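Report on one structure; see the data block that follows.
For clarity, every value in this text was computed on a predicted model and none was experimentally measured.
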Amino acid sequence: MSISKNTFRFAAGLLITSSLFSASVMAAEPAKQPAVTTAAPAATNSLETADKSTVLATVNGQNITIGDVLDARKLLPPQLSQIPTGVLLPMMVDQMVDQKAVQQMAEKANLENNPDVQQQLKLAKASIIQDAYLKAQVEPKVTPEAIKKFYDENYANKPPVKEAHIRHILVKTQAEAEKIIKELKAGKKFADLAKANSIDKATASQNGGDLGWVKADELVPDFSKAAFAMKADTTSTTPVKSPFGYHVIQVLAYKTAPVPTLEQVTPAIRQKLIQQNVRAVIDDTIKQSKIMKNDAVIKQYTIQPPSAPTQAPMPAPTK
């Protein structure tokens, strides 16, 4: 009896959250052997070409096979996609043994018939069907030819792009920003002031406000216009207002980024095409559907967000 599709999803969740699956840990720790093996292929063989029915472990008589691992592999997050399955294998087996044992205990407790579980299964089924439909509609359109066409239209004939190495300190009020500018002029270090004052905690605590190398169109417009008007190795002398608050900006240097090769941007283009085509399929589906919204009730229970968010997700979505 092989492990079920729902088991794959649960196993993937465990794998995603486990710190064992960082590349650094995997490189540092020796591989653990699975509890039960039968005729396991040599470590140098490709798992993808092995006999899918080969048993890697059993839990109370239920098998976990190479085929089960390969199916679970497909559900791992993108950051693990470059790691060979053979490297992940020992830890995947351990995780799948854990979840299989838990699944069996849940089945003994008859939790599958619990109303909350039934509702979750209903939602999961709907999500899986939706994903399958979108994949069937979109996948044939994301071809090498489509990727090349997108590259030719958006990259190949574009001039090299100017990039700036920028640091910033974000505060809520103009007065706070002006005070920080005075402190910088008095000799205080930018990184220290960023850590102490910036409400952009994502960059302040670890990087001293450093945004790294960014392009103009990767930043919110007000910030971008002010920053790219500055000279290299200078700091703004007046606060820069954006929808997130008031910024003190430091431009460390400029450089010209060369046009990337097709190979370099293929993953990004593929993701962009997937997003575009998914949106197109959804829009077309909505046009063919009869939709009714009870706007009065929706409005009654809608909570308006703050006019200016306190966080500062500086880089805008990549175009």
Side-chain angles (χ1 to χ4, degrees), residues 16-17 22 77-79 154 158-257 260 265 267-268 271-272 275-276 278-279 295 298-319:
I16 291 168
T17 57
S22 68
Q79 58 265 35
N154 294 275
K158 301 290 184 180
V161 179
K162 185 177 182 181
E163 293 185 347
H165 187 185
I166 297 174
R167 296 196 292 186
H168 84 130
I169 301 171
L170 175 63
V171 291
K172 294 182 179 180
T173 67
Q174 182 175 344
E176 291 176 280
E178 290 172 344
K179 179 175 179 292
I180 289 170
I181 290 172
K182 289 180 181 179
E183 291 176 324
L184 288 169
K185 289 180 178 179
K188 289 192 176 181
K189 294 183 178 180
F190 193 98
D192 293 340
L193 289 173
K195 291 178 183 179
N197 298 281
S198 183
I199 60 175
D200 178 8
K201 300 304 180 184
T203 64
S205 58
Q206 296 294 327
N207 304 325
D210 197 336
L211 296 173
W213 290 97
V214 292
K215 302 178 179 68
D217 63 0
E218 293 176 336
L219 305 168
V220 293
D222 295 331
F223 185 101
S224 179
K225 182 178 179 181
F228 278 80
M230 295 169 57
K231 293 181 179 180
D233 197 25
T234 62
T235 303
S236 54
T237 56
T238 57
V240 176
K241 190 177 186 302
S242 82
F244 305 112
Y246 291 84
H247 306 261
V248 178
I249 302 173
Q250 185 178 73
V251 176
L252 300 175
Y254 288 105
K255 71 177 182 180
T256 300
V265 293
Q271 187 60 34
K272 183 69 174 178
Q275 291 171 352
Q276 289 178 348
V278 165
R279 185 68 260 171
D295 292 329
I298 293 172
K299 184 177 181 181
Q300 180 182 352
Y301 293 101
T302 297
I303 298 174
Q304 295 298 326
S307 57
T310 56
Q311 73 273 18
M314 284 305 307
T318 303
K319 294 183 176 180

Go through the steps to decide whether Val214 and Leu219 satisfy the test side-chain contact (heavy atoms from CB on, under 4.5 Å), and finish with yes or no.
CA-CA 8 Å; Val214 292; Leu219 305 168; 3.8 Å; yes
Shortest non-hydrogen pair, Gln250 vs Phe190, comes out as CB-CE1, 3.6 Å
Enumerate the residue pairs fulfilling salt bridge (charged side-chain N to carboxylate O under 4.0 Å, His left out) with a member in residues 188-197, sequence neighbours excluded, ordered by first and then second residue.
Glu183-Lys188
Given the options Leu211, Val248, Leu252, Asn207, Arg167 meets side-chain contact (heavy atoms from CB on, under 4.5 Å) only with Leu252
Could you measure the distance from the CD atom of Glu176 to the CD atom of Gln174? Nearest 0.5 Å is fine.
11.0 Å
Looking at Ile298, is its backbone amide N or carbonyl O close enough to the side chain of Thr302 to form a donor-acceptor pair, meaning the two atoms are under 3.5 Å apart?
yes
Side chain to side chain, Thr203 and Asp210, heavy atoms closer than 4.5 Å
no
Hey, does the side chain of Glu218 reach the backbone of Lys215 with a donor-acceptor pair shorter than 3.5 angstrom?
yes
Quick check for you: to the nearest 0.5 Å, what is the distance between Ile166 atom CD1 and Phe223 atom CZ?
5.0 Å
Show your working on side-chain contact (heavy atoms from CB on, under 4.5 Å) between Leu170 and Tyr246 and close with a plain yes or no.
CA-CA 6 Å; Leu170 175 63; Tyr246 291 84; 5.6 Å; no
Do side-chain atoms of Ser224 reach the backbone of Ala216 as a donor and acceptor pair under 3.5 angstrom?
yes
No-hydrogen, no-angle side-chain donor-acceptor test under 3.5 Å, Ser198 and His168
no
With a 4.5 Å heavy-atom cut-off, do Val251 and Asp233 have their side chains touching?
no
Heavy-atom count check: over 12 atoms from other residues, nucleotides or ligands less than 6.0 Å from Lys225 NZ?
no
Kindly assign one of parallel, tilted or perpendicular to the pair Phe228 and Tyr254, based on the angle between their ring planes and the thresholds 30° and 60°.
tilted
Donor-acceptor pair between His247 and Asp222 side chains, under 3.5 angstrom
no
Minimum side-chain heavy-atom gap Gln276-Val278 below 4.5 Å:
no
How would you list, by chain and number, every residue that makes a side-chain contact (heavy atoms from CB on, under 4.5 Å) with Thr237, sequence neighbours excluded?
none
Working to the nearest 0.5 Å, report the span between CD of Gln275 and CZ of Arg279.
11.5 Å
